[in-house]
Number of protein chains: 2
Amino acid sequence: MEPVPPSVDDEATKLQRQFGDRLRHFRTAAALSQEEIAHRAGLDRSFVGQVERGERNLSLLNILKIADALGIEAGRLFDRDK
Amino acid sequence: MEPVPPSVDDEATKLQRQFGDRLRHFRTAAALSQEEIAHRAGLDRSFVGQVERGERNLSLLNILKIADALGIEAGRLFDRDK
DNA sequence: GTGTGACTTGTAGTCCGTA
DNA sequence: CTACGGACTACAAGTCACA
């Protein structure tokens, strides 16, 4: 039987989820709420939540804002091992 | 005289330019053309050029595609020291 | 404090051309 | 090969109400 190849769309959301997972990892490690991060980054609370859940393909500038809010290097949000 | 505070927009494009500079650094180091990167990443040739020049606020998925095309970890595009 | 869906507006990203 | 522009379409940004 053919193992169904994952669609590009699934691949895309998978990558977004990976990013969201790392964000959540660093946020909870810093003991901060989504609201707090959103406020520090100047973003909407629900937007941050959506990013964490991998529902958003956010842009470079917002990645940098969020990294700032977390107090970490942006590159760390791309580390394979948290 | 008031030293004119840099507008948020200038700050934004400054960050985009930093990213573009790193992209160009890695691309030339790999001896690849913008066209080649664009092709590998499945993006438009002119779009890659615009990103390198800091004219575009590209999204997470395209950052990952470009890092892939360069054969590097996405996080390296955020390193302070190239 | 978070998840979710829906919605409008701005811009990301494409495609075509010129130099 | 790269910069730059115009015109377009797809989709991210940003916000909200409600669970």
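Heavy-atom basis, side chains included; hydrogens, waters and symmetry copies ignored.
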Test side chain to side chain contact (heavy atoms under 4.5 Å, CB included) applied to A:Leu43 and A:Val51, A:Ile37, A:Asn62, the passing residue: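 Of A:Val51, A:Ile37, A:Asn62, side chain to side chain contact (heavy atoms under 4.5 Å, CB included) with A:Leu43 is met by A:Asn62 alone.
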Go along nucleotides 11-19 of chain C 5' to 3' and tag each nucleotide: B for a protein heavy atom under 4.0 Å from its base, S when only backbone or sugar atoms are that close, - otherwise. -BBBBBB--
Hey, what bend do you get for the helix from C:dT2-D:dA19 to C:dA19-D:dT2 if you fit axes on five pairs at each end, rounded to 10°?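 Helix axis angle between the two ends: 40°.
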Side-chain contact test, heavy atoms from C-beta onward, threshold under 4.5 Å: evaluate it for [X] versus [Y] and give yes or no.
{"X": "A:Leu60", "Y": "B:Leu60", "value": "no"}
{"X": "A:Lys65", "Y": "A:Asp68", "value": "no"}
{"X": "B:Ile63", "Y": "B:Phe19", "value": "yes"}

A:Leu23 and A:Val48: which non-hydrogen atoms are nearest, and at how many Å?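 Minimum heavy-atom contact is CD2-O, 4.5 Å.
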Any idea which heavy atoms bring B:Ala74 and A:Phe78 closest together, and the distance?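 Nearest pair, atom of B:Ala74 first, then A:Phe78: CB-CD2, 3.6 Å.
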Is any side-chain N or O of B:Arg27 closer than 4.0 Å to OP1 or OP2 of D:dT2?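 Yes.
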Tell me: CZ of A:Arg53 to P of C:dT2, nearest whole Å?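 Whole-Å distance recorded here is 10 Å.
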Rounded distance (Å) that lies between atom P of C:dG1 and atom NE2 of A:His39: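 Going from NE2 in A:His39 over to P in C:dG1 covers 13 Å.
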Within the structure shown, what part of the strands sits under 4.0 Å from A:Gln34 by heavy-atom distance: base, sugar-phosphate, or nothing?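 Result for A:Gln34 = sugar-phosphate.
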Of A:Arg17, A:His25, A:Gln34, which is the lone residue that meets side chain to side chain donor-acceptor pair (under 3.5 Å) with A:Glu52?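 Of the listed options, the one satisfying the test is A:Gln34.
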Apply salt bridge (charged side-chain N to carboxylate O under 4.0 Å, His left out) to the pair B:Arg27 and B:Glu36, showing each step before the final yes or no. CA-CA 10 Å; B:Arg27 180 179 64 80; B:Glu36 180 62 21; over 6 Å; no
